[in-house]
Amino acid sequence: MVKLRLKRCGRKQQAVYRIVAIDVRSRREGRDLRKVGFYDPIKNQTCLNVPAILYFLEKGAQPTRTVYDILRKAEFFKEKEGTLS
């Protein structure tokens, strides 16, 4: 099973995260299938690859609660509903 989850990058006390599609059995810093976004909690910046995220969600990937919240704040699901209608 594939999940969309955060992968930690950056320096000490200055964490930034990549949003990645990764196998459930892999560890947090393990090999990812694809990078689908970027999240910086310090600057509150988000960069999303919408087609890639849609692809993995359609294939059955489950976002973690944190990634789901990031996508919701970026109004990703509103965009998704608009494209499907």
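Note that the numbering runs from 1 along the sequence shown for the chain. These figures come from a predicted structure and were not determined experimentally.
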Self-check item: Worked verdict on V24 versus V2 for side chain to side chain contact (heavy atoms under 4.5 Å, CB included)
Solution: CA-CA 6 Å; V24 173; V2 176; over 6 Å; no

Quiz item: If you round to the nearest 0.5 Å, how far is CG of L33 from NZ of K3?
Solution: 14.0 Å

Practice problem: For Y68, check ring-ring contact (aromatic ring centres under 6.0 Å, His included) against everything at least two apart and list the hits. | Solution: F77

Which pairs would a plain distance check flag for residues 9-21, meaning a side-chain donor or acceptor within less than 3.5 Å of a matching protein atom at least two apart in sequence or in another chain?
from	atom 1	to	atom 2	distance (Å)
R11	NE	Q14	OE1	3.4
R11	NH2	Q14	OE1	2.6

Exercise. Not counting sequence neighbours, which residues clear side-chain hydrogen bond (donor to acceptor under 3.5 Å, both in side chains) with R25? List them please.
Key: D23

Self-check item: Rounded distance (nearest 0.5 Å) linking atom NZ of K7 with atom CZ of R27
Solution: 9.0 Å

Self-check item: Verdict with reasoning, I53 to L4, per side chain to side chain contact (heavy atoms under 4.5 Å, CB included)
Solution: CA-CA 8 Å; I53 294 171; L4 297 176; 4.1 Å; yes

Quiz prompt | R65 CZ: over 12 foreign heavy atoms closer than 6.0 Å | solution = no

Quiz item: Can you list every ring pair (Phe, Tyr, Trp, His ring centres under 6.0 Å) pair that touches residues 25-58, not counting sequence neighbours?
Solution: none

Quiz item: Honestly curious: do V67 and I22 fall in one hydrophobic cluster under the side-chain, below-4.5 Å linking rule?
Solution: no

Quiz item: By the rule that ILVMFWY residues connect when side-chain heavy atoms come within less than 4.5 angstrom, directly or transitively, which residues belong alongside I42?
Solution: none

Quiz prompt | side-chain contact (heavy atoms from CB on, under 4.5 Å) partners of T66, counting only residues at least two apart | solution = L6, T64, I70

Quiz prompt | Qualifying residues under side-chain hydrogen bond (donor to acceptor under 3.5 Å, both in side chains), relative to D69, sequence neighbours excluded | solution = R72

Quiz item: Who passes side-chain hydrogen bond (donor to acceptor under 3.5 Å, both in side chains) against R34, sequence neighbours left out?
Solution: none

Practice problem: Only counting residues at least two apart or in another chain, list the ones meeting salt bridge (Lys or Arg N to Asp or Glu O under 4.0 Å) with D40. | Solution: none

